[in-house]
Amino acid sequence: MDLFYVLLNAVTVVFIAATMFAAGLGATITALRRAFTDLPLLALVLAANLILIPLLGWGLAALFGLAAAPYVALVLIASSPGGPFGAKLAMMQHGDVTTGAAMQVLLAALGSITFGLTADAVLTAADVGGGVSLDVAALVRTVAVLQLVPFAIGLVLRHYATDTALAWHPAAVKVSNVTFLIVLAGMLLGNWSDIVALIGSRVPLAGFLLSVLAFGLGTLLATGGRTRRTTMGSVATVRNAGPALAAIGISFDSEPAILGALAAILISGLTAAIPIAAVLSRGREAGP
């Protein structure tokens, strides 16, 4: 089993790096600048994703009286903004894809820095399990390197070697998708007993509600028309699994109970996010 988790952690590293490399290859400095200079939108998106949704995760965990492992898992994922699937949901709903992708990239980059600080502050204040704390310095260092460096490399390639970046982008996206599925399958396989134990509990409901309410916050705290607002909702509803997985590996020695709870929360969150995007896509033309 130790070898299993070593391999799972290795694939997780590839997933995180490939995801951000693909994000860099798919981004343009012009699109990023356009999104970043819209200060009202930027301020609202940052407030929703970096402050309110982590507090929402904490509130749901406390409201449902979750045990220590799912409590930690819910706080970790709520504190981790910028999940790459958010940009794909924007495409599914025919939303403002350009702005959505730019904001997703920004949130993932900033989340590399804020994730450890936010999650540690919430878990310390909540006094989970008698006082859970994270190695914030190690988390910031690890997550920032795994996310910011690959993204910067991809962005530089896109700017200075556009043809190469466009040629590599589909392969990078495929690696990201495949490794995410492997990581999710590994979490399910390696922690199946913990996941089965959660069936009928409040944990899947907490994950589902986190996704739904995060969509609502992201939509409410945005500027522009309905299409842009719901796009920001899709970006907000999908959290970034990479930093949460890194935290479980670094601070909790890949504890099966936390990994199992995280898998249940991720799956239940997607069962909310995907139908929302599908409903929104009805009657819309493909967005920019």
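Residue indices begin at 1 and follow the sequence shown.
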Checklist entry - Between Ile77 and Ala244, which heavy-atom pair has the shortest distance, and what is it? => result CD1-CB, 4.2 Å
Would you mind writing out the side-chain donor-acceptor pairs for residues 259-278 within the sub-3.5 Å range, not counting sequence neighbours?
| unit_1 | atom_1 | unit_2 | atom_2 | d |
| --- | --- | --- | --- | --- |
| Ser268 | OG | Pro204 | O | 3.2 |
| Ser268 | OG | Ala264 | O | 2.9 |
| Ser268 | OG | Ile265 | O | 3.0 |
| Thr271 | OG1 | Ser268 | O | 2.5 |

Checklist entry - Taking atom types as modelled and ignoring hydrogens, do the side chains of Thr230 and Thr219 form a donor-acceptor contact shorter than 3.5 angstrom? => result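 No donor-acceptor contact under 3.5 Å links the two side chains.
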Item to check | Residues clustering with Val14 (ILVMFWY side chains joined when closer than 4.5 Å, directly or via others) | outcome: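 Taking Ile, Leu, Val, Met, Phe, Trp and Tyr as members, Val14 shares its hydrophobic cluster with Val175.
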Checklist entry - Under the 4.5 Å side-chain heavy-atom rule for ILVMFWY, direct or indirect, which residues accompany Phe208? => result Val212
Checking [X] now: which residues fulfil side chain to side chain contact (heavy atoms under 4.5 Å, CB included) with it, not counting sequence neighbours?
X	value
Ala48	Leu221
Ala185	none
Ile182	Val11, Val178
Leu56	Leu60, Leu210, Leu213, Leu217

Side-chain donor-acceptor pairs under 3.5 Å in residues 162-172, sequence neighbours left out?
| unit_1 | atom_1 | unit_2 | atom_2 | d |
| --- | --- | --- | --- | --- |
| Thr162 | OG1 | Arg158 | O | 2.9 |
| His169 | NE2 | Ala22 | O | 3.3 |

Next on the checklist: Applying ring-ring contact (aromatic ring centres under 6.0 Å, His included), can you list everything that pairs with Phe215, at least two apart in sequence or on another chain?
Outcome noted: none
Item to check | Residue pairs, two or more places apart or on separate chains, that pass ring pair (Phe, Tyr, Trp, His ring centres under 6.0 Å) and touch residues 46-79 | outcome: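 Qualifying pairs: none.
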Checklist entry - How many angstroms lie between atom OG1 of Thr231 and atom CZ of Arg226, to the nearest 0.5 angstrom? => result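 If we round to the nearest 0.5 Å, Thr231:OG1 and Arg226:CZ are 10.5 Å apart.
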Checklist entry - When rounded to the nearest 0.5 angstrom, what is the spacing between CE in Met232 and CG in Leu220? => result 14.0 Å
Could you give the side-chain donor-acceptor pairs of residues 103-119 under 3.5 Å, partners two or more places apart or in another chain?
| unit_1 | atom_1 | unit_2 | atom_2 | d |
| --- | --- | --- | --- | --- |
| Gln104 | NE2 | Gly82 | O | 3.1 |
| Ser112 | OG | Ala108 | O | 3.0 |
| Ser112 | OG | Ala109 | O | 3.4 |
| Ser112 | OG | Gln147 | NE2 | 2.6 |
| Thr114 | OG1 | Leu110 | O | 3.4 |
| Thr118 | OG1 | Thr114 | O | 2.9 |

Checklist entry - By salt bridge (charged side-chain N to carboxylate O under 4.0 Å, His left out), which residues pair with Arg228, not counting sequence neighbours? => result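 Testing Arg228 for salt bridge (charged side-chain N to carboxylate O under 4.0 Å, His left out), a comparison that skips the adjacent residues, returns Asp38, Asp96.
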